[in-house]
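Report on the following structure.
Just follow the structure's listing: the first ligand is 1, and inside any ligand the first atom is 1.
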Amino acid sequence: MLRTLHAAGDLAGKRVILRCDLNVPIKNGVITDDGRIRASIPTIRKLVDLGAKVILCSHLGRPEGEPILEFSLAPVALRLEELLGQPVVFANDTVGPQAKAAAKLLEDGGVALLENLRFSKDETSKDPKERERFAMKLADLGEILVSDGFGVVHRKQASVFELAKIIPSYAGGLIESELEVLNKLTHDPVRPYTVVLGGSKVSDKLGVLGHLLPKVDRLVIGGGMVFTVLAALGHKVGKSLLESDQIATVKIFLEQAAALGVEVILPTDILVASSFAPDAEFEVVAFDKIESTSFGESGIGLDIGPESAKSFAAAVSSSKTVFWNGPMGVFEFANFAGGTRAVAHALSNLDGLGVVGGGDSAAAVRLLGFDESKFGHISTGGGASLEFLEGKHLPGLEVLND
Ligand code: ADP
Ligand code: MG
């Protein structure tokens with residue numbers, strides 16, 4: 001059983017470390033999508049209302065252990081202040097003198113944010129001793145841990161895993177609500193159950209295919225990862241995203257899918273661009289041609305084509321349960337957002353449970369102007385939700401179990 005906040009007892013006056021996932025996209029100091037910050041607000045508010053001294057911590061991007069300004073959480077502190085309507089003390093270090101002073105001086109109901117956890121390489125170290133060393137320093141700052149960064153519960157990282165073993169630890173409200181929805185997907189989903197996969201983290205996502213196959217009725221594949229699948233089917237994909245070392249694995253998945261009767265839906269056309277740029281010239285390439293000429297040596301597939309967008313949308317619309325992770329194309333470029341828009345549109349009108357998972361997928365939904373409330377659920381975790389759906393044990397959750 002997951003230990004939740006209800007079991008934490010009286011929190012008034014307690015110094016509570018709240019591990020959130022405030023890993024938002026920032027360009028030139030400006031937050032381009034604050035979804036994860038907003039998702040963190042209810043738990044922060046709850047702790048404030050209970051009179052706790054709230055010490056927030058999170059990672060942002062991959063600074064690889066270096067204090068790089070570009071990855072500072074300072075802009076997040078400002079946005080938090082706006083959303084909470086109360087001051088947020090920002091500490092310029094994570095476990096150093098500023099963090100200690102901030103933690104010590106907080107009043108009941110006050111909120112402080114520590115600098116990026118990943119400015120210390122120990123946070124994500126593969127060596128448990130290094131992670132523990134960092135977790136001990138974090139533990140000095142607070143009396144209990146509330147773990148609410150759902151996006152990182154699949155990782156063994158100091159603030160998520162080791163820290164939870166050192167001080168009393170509980171799951172926050174965001175984790176609880178994420179699990180409530182994801183449990184609906186794993187326990188007897190209403191069928192047809194369709195999983196739509198895309199995005200760019202090819203090897204991460206190809207890995208989950210094998211685990212998902214026995215659970216789903218349909219698998220729809222687009223985005224950057226589709227080119228490895230197409231290559232496995234013998235297509236030449238030009239300069240598109242491709243992981244050659246995964247081709248053999250993908251072939252096995254495709255055979256398994258056929259044996260299990262899972263319908264695999266792939267694009268039948270692709271928008272092939274001359275370069276990776278917003279204003280790149282492009283053409284619609286139908287599939288039968290791909291092998292011969294149209295991708296050429298240098299063509300880059302940046303989105304699924306209009307025919308595929310239609311068939312993908314139809315696959316979504318005719319399902320009762322859908323989990324979607326990973327944009328269908330480079331939606332950041334308006335010319336290559338069509339596939340993502342079509343899937344998002346179908347999902348937002350679904351007569352059933354439609355779940356979006358993944359930082360970029362969630363950002364795409366908002367960027368393309370969809371009404372968030374029209375989706376069954378927008379998860380803050382990409383990798384974490386996929387691993388949960390695969391039935392894997394997530395270390396950051398296990399450690400919160402009694
Ligand atoms: P999520 O965060 O939702 O899990 P990912 O991080 O895996 O998704 O992938 C998101 C990224 O995938 C986006 O930045 C998008 O531009 C990129 N992407 C989608 N399709 C392609 C493609 N065909 N080629 C290159 N990148 C792509
Ligand atoms: Mg992403």
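Remark: Ser169 pairs with Arg3 by the side-chain hydrogen bond (donor to acceptor under 3.5 Å, both in side chains) rule, at least two apart or across chains.
In this structure, Phe331 CZ and Phe336 CZ are separated by 14.0 Å, a value rounded to the nearest 0.5 Å.
Surrounding CG of Asp351 are at most 12 heavy atoms belonging to other residues, nucleotides or ligands under 6.0 Å away. For CG of Asp402, the number of neighbouring non-hydrogen atoms (other residues, nucleotides, ligands) closer than 6.0 Å is greater than 12.
Ion pairing of Glu66 with Arg118 is absent here, as no side-chain N (NZ or NE/NH1/NH2) approaches a carboxylate O to less than 4.0 Å. Salt-bridge formation is not detected for the pair Lys53/Glu107: no Lys NZ or Arg NE/NH1/NH2 atom is positioned less than 4.0 Å from an Asp or Glu carboxylate oxygen. Using a cut-off of 4.0 Å between Lys/Arg side-chain N and Asp/Glu carboxylate O, Lys392 and Glu390 are scored as salt-bridged.
Nearest protein neighbour of atom 11 (C) of ligand 1, counting heavy atoms only, is Ser200 OG, 3.5 Å. The nearest heavy-atom contact from the protein to atom 19 (C) of ligand 1 is Gly329 O, 3.1 Å.
At least one N/O-N/O distance between Gly224 and ligand 1 falls below 3.5 Å. By the 3.5 Å distance cut-off applied to N or O atoms, Gly301 is counted among the residues near ligand 1. For ligand 1, the polar-atom distance check against Asp360 finds a nitrogen or oxygen pair separated by under 3.5 Å.
In summary, the side chains of Asp21 and Thr380 do not present any donor paired with an acceptor at a separation below 3.5 Å, with no hydrogens or angles considered. Using modelled atom types, one finds a donor on one side chain and an acceptor on the other under 3.5 Å when comparing Arg218 with Ser318.
Listed by chain and number, Asp360 OD2 are the protein N/O/S atoms closer than 2.8 Å to the Mg ion (ligand 2), with waters left out.
For ligand 1, the atoms closer than 4.0 angstrom to any heavy atom of Val330 are 16 (O), 19 (C), 20 (N), 21 (C), 22 (C), 24 (N), 25 (C), 26 (N), 27 (C).
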